[in-house]
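When reading the values below, keep in mind they use all heavy atoms of this one structure, side chains included, and skip hydrogens, waters and symmetry mates.
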Amino acid sequence: MVREMVILVCHAQDGRFADGDRAAVRQVLETSEQIARVLPLGPDVKQVLCADGGRLVLRAPGLDGSRSFHRIDVFPASAWTGAMVGLLYELMRSGGFGLVQDLATPQFLVTQPQQITYYPWLPEPPILVRSASELARTLARAG
């Protein structure tokens, strides 16, 4: 369904990189029903054990500190599960991130209508996804 790695990136209205919402992302990692446990693996790296057995490794430079926090690299450590996609959607929505679907053909996925205008350099506007299930279907079509 989803590639071996996806990247969540945050942009401002003018298309420049912006900081994601650290507090909101931390809140998701502390309270999401999609998560069974979060294990720190090092600075800015966490392994997430999902409620349905799925596992992700998140590399989020800047999340635990005060430097810029523009992206989250997401590496599946198991086959993709519903909880993993649900968590991905929660992180996108709460942190203000768009998802880079494929670096070779830069199609972005976003969760908020206003984000469609945040990527003026793209040949096609981002795709708006309004739920975790819609995110899963969109990613499956691209896979």
Side-chain angles (χ1 to χ4, degrees), residues 1-12 15-119 121-143:
M1 169 174 63
V2 180
R3 292 170 177 43
E4 295 302 310
M5 177 183 95
V6 295
I7 302 171
L8 304 182
V9 293
C10 194
H11 285 83
R16 295 180 190 198
F17 285 110
D19 278 343
D21 187 334
R22 280 183 186 83
V25 169
R26 288 180 190 138
Q27 180 76 17
V28 167
L29 293 175
E30 292 171 6
T31 63
S32 175
E33 293 181 8
Q34 308 294 342
I35 297 175
R37 190 167 177 202
V38 176
L39 305 168
L41 296 179
D44 299 320
V45 181
K46 302 174 186 325
Q47 182 174 34
V48 178
L49 306 172
C50 291
D52 64 1
R55 293 178 296 127
L56 294 168
V57 173
L58 305 177
R59 186 174 56 205
L63 175 61
D64 295 331
S66 59
R67 65 185 181 145
S68 62
F69 175 50
H70 300 319
R71 76 174 203 274
I72 302 173
D73 303 327
V74 180
F75 302 90
S78 70
W80 282 89
T81 66
M84 291 166 67
V85 175
L87 177 60
L88 193 64
Y89 182 80
E90 286 182 53
L91 291 170
M92 290 171 65
R93 184 145 183 85
S94 64
F97 291 95
L99 184 144
V100 179
Q101 191 171 347
D102 187 338
L103 292 175
T105 53
Q107 179 64 63
F108 280 55
L109 306 178
V110 295
T111 60
Q112 301 166 23
Q114 66 270 22
Q115 290 175 306
I116 291 174
T117 63
Y118 291 9
Y119 304 89
W121 67 90
L122 292 175
E124 296 180 31
I127 297 171
L128 178 64
V129 293
R130 297 181 187 265
S131 68
S133 59
E134 192 174 327
L135 175 61
R137 284 190 306 274
T138 303
L139 291 170
R141 280 196 305 270

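Taken from CD in Gln27 to CD in Glu30, the straight-line distance is 6.0 Å, to the nearest 0.5 Å. One distance of note links CG of Asp21 with CZ of Arg93; it measures 12.5 Å at 0.5 Å rounding. The structure places CD of Gln112 at 7.0 Å from OH of Tyr118, a figure rounded to the nearest 0.5 Å. Interatomic distance, CD1 of Ile72 versus CZ of Arg59, reported as 12.0 Å (0.5 Å rounding). With values rounded to the nearest 0.5 angstrom, Thr31 atom OG1 is found 7.5 Å from Glu90 atom CD. Distance check: Met84 CE to Asp52 CG gives 8.0 Å after rounding to the nearest 0.5 Å.
Within the 4.5 Å cutoff, side-chain heavy atoms of Leu88 are placed close to those of Leu8. Counting only heavy atoms from C-beta outward, the side chains of Leu139 and Leu99 approach each other to under 4.5 Å. No side-chain heavy atom of Ser94 sits under 4.5 Å from any side-chain heavy atom of Arg26.
With respect to Arg55, the side chain to side chain contact (heavy atoms under 4.5 Å, CB included) criterion is satisfied by exactly one of Leu49, Leu39, Thr81: Leu49. Among Leu135, Val129, Leu91, the single residue meeting the side chain to side chain contact (heavy atoms under 4.5 Å, CB included) criterion with Thr111 is Val129.
The minimum heavy-atom distance linking Ala132 with Val85 is given by the pair O-CG1, 3.5 Å. Scanning both residues, Gln115 and Gly96, for their nearest heavy atoms gives NE2-O, 3.2 Å. The heavy-atom pair separating Asp19 from Ser68 by the smallest distance is OD1-CA, 3.3 Å. Across all non-hydrogen atoms, the minimal contact from Phe97 to His70 is CE2-O, 3.6 Å. Here the closest heavy-atom approach between residue Arg71 and residue Val9 is recorded as CB-CG1, 4.1 Å. Scanning all heavy atoms of the two residues, the minimum distance from Leu63 to Asp44 falls at N-OD1, 3.9 Å.
With hydrogens and angles ignored, the 3.5 Å screen pairs no side-chain donor or acceptor of His11 with any backbone N or O of Phe17. Looking only at distances, a side-chain donor or acceptor of Thr117 sits under 3.5 Å from a matching main-chain atom of Gln114.
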Between Trp80 and Leu56, is a side chain to side chain contact (heavy atoms under 4.5 Å, CB included) present by the stated rule, with each step listed? CA-CA 9 Å; Trp80 282 89; Leu56 294 168; 3.9 Å; yes
Apply side chain to side chain contact (heavy atoms under 4.5 Å, CB included) to residues Phe108 and Val100 and explain how you reach the verdict. CA-CA 5 Å; Phe108 280 55; Val100 179; 3.7 Å; yes
